[in-house]
Amino acid sequence: MIKNRVIKSSVIESSGIDFQLMARAIQLAQRGIFTTHPNPRVGCVISLQGEIVGEGWHMRAGEPHAEIHALNAAGQKSVGATVYVTLEPCSHHGRTPPCGNALIKAGVRRVVIAMQDPDPRVAGEGIARLKRAGIEVDVGILQAEAEALNLGFISRLTRGRPFVRCKLAMSLDGRTAMASGESKWITSLAARQDVQRLRARSDAIMTGIGTMLADDPQLDVRPEGIDELHVVLAGEAKRPPMRVIVDSSLRTPMASRALSLPGKKLIATAVEYSEILDTLRHKHVNVCRFAGSGKRVNLPLLVEYLAALDINELMVEAGPVLSGAMLQAGLIDELIIYMAPHLMGHQAQGLMALPGLEKMSQRVSFKTKEIRAVGDDWRITLQPAAV
């Protein structure tokens, strides 16, 4: 659960069928996990006399919402039906008309909603509009599951910054690269495929200048034998995540692969002016100055700026310096570590650079959310204890 939530939902007494059909709506919402940016992932089920008569999910921004797809599938059977939707129906005109109006016009009897919409343009007004039309409304069924699908959307609208997920790969002794800098490959193919799924659901991928100089990463989504990503990318439904490079002194090589690939690119720097700015702009690279102390990038300002660009989920794939700086700035919401079952030795590079930690009382604590096997490796999902 994200801190400082300003929207509260009532929990209701519900039947088993309500939970069952809302679970189905959440399954449908998951189908849009790679494609709905910057919109939330939403699913909808319409039931009449215990029979599902319509289903839908939001596929991509600018196209009909989940409720509209479900209403179209149900047709006249929507009259007197119960609607299960994972997010409060919208009540404002955006790129599409309000879904609340469509539900009222269709003559539905009851609407069951998993979670209220944190968008201030909705924020309870969709529920109020349905009630004014005489429709029975219940809120709170499987709310936690619905929120988990849209952590980034909620974070951007309630905290003014994306949900930040930091991914790291390490050996059994906590090393991320040999002393020489060699790091390919620490983990197995299965773990690297899993990372591609995380990238595909992210709106932006961020790295630092150290990784750029050492590895020349592409910062893109590569299917690598993953069927669902092949389908998504082949259908052009998923635009590539924005590439964000934290480069305090503008040392990013012009020939970097990340700069040559299509898609939006941003270099965050602390430099006020450099001769290479014109060259970067010619490559359609957005360069923004976020001046912090010690001639370093002000990371909180950068993250807030990304929220203003409608970035819901930010994935950090960086070396120990940037990863450690993000953690110490309190900007990491989730840490995902892929641990490989081998040893790299005490001279190899460590997981994070965390200057100033000298006593046990200064340790950085985490809560373990999940540990599971991925191929021969382990995927450890952690949440900073302070979050």
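Position 1 is the first residue of the sequence, and the numbers go up from there.
- A donor-acceptor contact shorter than 3.5 Å links the side chain of T211 to the backbone of G319.
- A single hydrophobic cluster is seen to contain both Y305 and V316, as judged by linkage of ILVMFWY side chains at heavy-atom distances under 4.5 Å, directly or through other members.
- Atom OG of S323 and atom CD1 of I332 lie 6.0 Å apart (nearest 0.5 Å).
- The side-chain heavy atoms of I209 and T252, taken from C-beta on, include a pair separated by under 4.5 Å.
- L335 contributes atom CG, which lies 15.0 Å from atom NZ of K367 (distance to the nearest 0.5 angstrom).
- For the atom pair CG of L21 and CD1 of I141, the computed distance is 10.5 Å after rounding to the nearest 0.5 Å.
- Using a cutoff of 4.0 Å between basic side-chain nitrogens and carboxylate oxygens, R110 and D18 are scored as salt-bridged.
- A heavy-atom distance below 4.5 Å is not found between the side chains of P240 and L261.
- L277 and M212 fall within a single hydrophobic cluster, where Ile, Leu, Val, Met, Phe, Trp and Tyr side chains are chained together by heavy-atom contacts under 4.5 Å.
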Point to revise | Derivation of the salt bridge (Lys or Arg N to Asp or Glu O under 4.0 Å) call for R372 and D194 | key: CA-CA 12 Å; R372 65 179 177 88; D194 199 55; 3.5 Å; yes

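- Contact check for L299 versus L322: side-chain heavy atoms found under the 4.5 Å cut-off.
- Annotation: K295, atom NZ; neighbour count of heavy atoms from other residues, nucleotides and ligands within 6.0 Å does not exceed 12.
- More than 12 non-hydrogen atoms from other residues, nucleotides or ligands lie less than 6.0 angstrom from CD of E370.
- With E88 contributing its side chain and I127 its backbone, the two residues share a donor-acceptor pair below 3.5 Å.
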Review point. Are R161 and E304 close enough, and set up right, to give a salt bridge (Lys or Arg N to Asp or Glu O under 4.0 Å), and what steps lead you there?
Key: CA-CA 5 Å; R161 68 176 183 85; E304 289 177 12; over 6 Å; no

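- In this structure, the separation between CD on Q347 and CZ on R175 is 9.5 Å, given to the nearest 0.5 Å.
- Here the options are R165, E313, Q383, the test is side-chain contact (heavy atoms from CB on, under 4.5 Å), and the partner is E334; only R165 passes.
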Point to revise | Chi angles and distances behind the side-chain hydrogen bond (donor to acceptor under 3.5 Å, both in side chains) call for E358, Q362 | key: CA-CA 7 Å; E358 299 176 355; Q362 297 174 311; 5.9 Å; no

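- Inter-residue side-chain proximity for H69 and M59 is flagged as met; some heavy-atom pair is nearer than 4.5 Å.
- The neighbour count for R24 CZ, taken as heavy atoms of other residues, nucleotides or ligands under 6.0 Å away, is above 12.
- Each of I380, I337, L327 was scored for a side-chain contact (heavy atoms from CB on, under 4.5 Å) with F366, with one residue passing: L327.
- Panel note: side chain N312, backbone F163; no donor-acceptor pair is recorded below 3.5 Å.
- Of all heavy-atom pairs between E317 and V195, the closest is OE1-CG1, 3.8 Å.
- Put simply, the side chain of Y338 does not reach to within 4.5 Å of the side chain of M170, judged on heavy atoms.
- If you take CE on M326 and CE on M352, they are separated by 9.5 Å, rounding to the nearest 0.5 Å.
- Between the S365 side chain and the A385 main chain, no donor and acceptor come within less than 3.5 Å of each other.
- No donor-acceptor distance shorter than 3.5 angstrom exists from the side chain of E55 to the backbone of A70, with no hydrogens or angles considered.
- Under a 3.5 Å cut-off, the side chain of N286 and the backbone N or O of K265 do not form any donor-acceptor pair.
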Practice item. Carefully, step by step, assess L71 and L103 under the rule side-chain contact (heavy atoms from CB on, under 4.5 Å). Key: CA-CA 8 Å; L71 287 171; L103 293 172; 3.9 Å; yes

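- Of the residues listed (N150, D310, D203, D119), the one engaging R156 in a side chain to side chain donor-acceptor pair (under 3.5 Å) is D310, and it is the only one.
- Between the R363 side chain and the M360 main chain, a donor and an acceptor come within less than 3.5 Å of each other.
- With hydrophobic clusters built from ILVMFWY side chains whose heavy atoms lie under 4.5 angstrom apart, I336 does not share a cluster with V221.
- S249 and T269 make their closest contact through N-OG1, 4.1 Å (heavy atoms, listed as atom of the first residue, atom of the second, distance).
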**Study point:** Step-by-step side-chain contact (heavy atoms from CB on, under 4.5 Å) determination, Y84 to C44
**Key:** CA-CA 5 Å; Y84 298 86; C44 182; over 6 Å; no

Exercise for review: Evaluate side-chain contact (heavy atoms from CB on, under 4.5 Å) for S248 paired with V297, printing each intermediate quantity in order.
Suggested key: CA-CA 6 Å; S248 297; V297 168; 3.8 Å; yes

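- Here the side chains of D220 and I205 are not in contact, with every heavy-atom distance at 4.5 Å or above.
- Grouping the Ile, Leu, Val, Met, Phe, Trp and Tyr side chains by contacts below 4.5 angstrom, directly or via other members, places V321 apart from V244.
- The number of heavy atoms from other shown groups lying within 6.0 Å of CG (D376) does not exceed 12.
- The number of heavy-atom neighbours closer than 6.0 Å to NE2 of H342, taken from other residues, nucleotides and ligands shown, is above 12.
- Within the 4.5 Å cutoff, side-chain heavy atoms of M178 are placed close to those of M344.
- Using a distance-only test at 3.5 Å, with no hydrogens or angles considered, a donor-acceptor pair links the side chain of T36 to the main chain of N39.
- There is no path of hydrophobic side-chain contacts, each under 4.5 Å, that joins V79 to V83.
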Check your understanding: Under the side-chain hydrogen bond (donor to acceptor under 3.5 Å, both in side chains) criterion, do D377 and T187 qualify, and how do the steps go?
Key -> CA-CA 7 Å; D377 306 316; T187 54; 4.6 Å; no

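- For L302 against V246, the heavy-atom pair with the smallest separation is CD2-CG2, 3.9 Å.
- For the pair S171 and M339, the tightest heavy-atom approach, listed with the atom from each and the gap, is O-CG, 3.8 Å.
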Review point. What's the verdict on side-chain hydrogen bond (donor to acceptor under 3.5 Å, both in side chains) for N101 and R129, showing C-alpha distance, side-chain angles and the deciding distance?
Key: CA-CA 8 Å; N101 290 359; R129 183 174 295 188; 2.8 Å; yes

Point to revise | Pair L250-L280, side-chain contact (heavy atoms from CB on, under 4.5 Å): steps then yes or no | key: CA-CA 10 Å; L250 283 183; L280 288 167; 4.2 Å; yes

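- At distances below 3.5 Å, not a single donor-acceptor pair connects side-chain atoms of S202 with backbone N or O atoms of L314.
- To the nearest 0.5 Å, atom CG of residue D117 and atom CZ of residue F153 are 4.5 Å apart.
- Remark: side-chain polar atoms of R41 are paired, donor with acceptor, to backbone N or O of L149 under 3.5 angstrom.
- Judged by a 6.0 Å distance limit and a 45° cone about the ring axis, R192 is positioned over the six-membered ring of W185.
- Considering only heavy atoms from C-beta on, P241 stays 4.5 Å or farther from M315 through its side chain.
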Practice item. Give the intermediate values and the outcome of side-chain hydrogen bond (donor to acceptor under 3.5 Å, both in side chains) for residues R109 and T82. Key: CA-CA 6 Å; R109 179 186 65 84; T82 298; 3.3 Å; yes

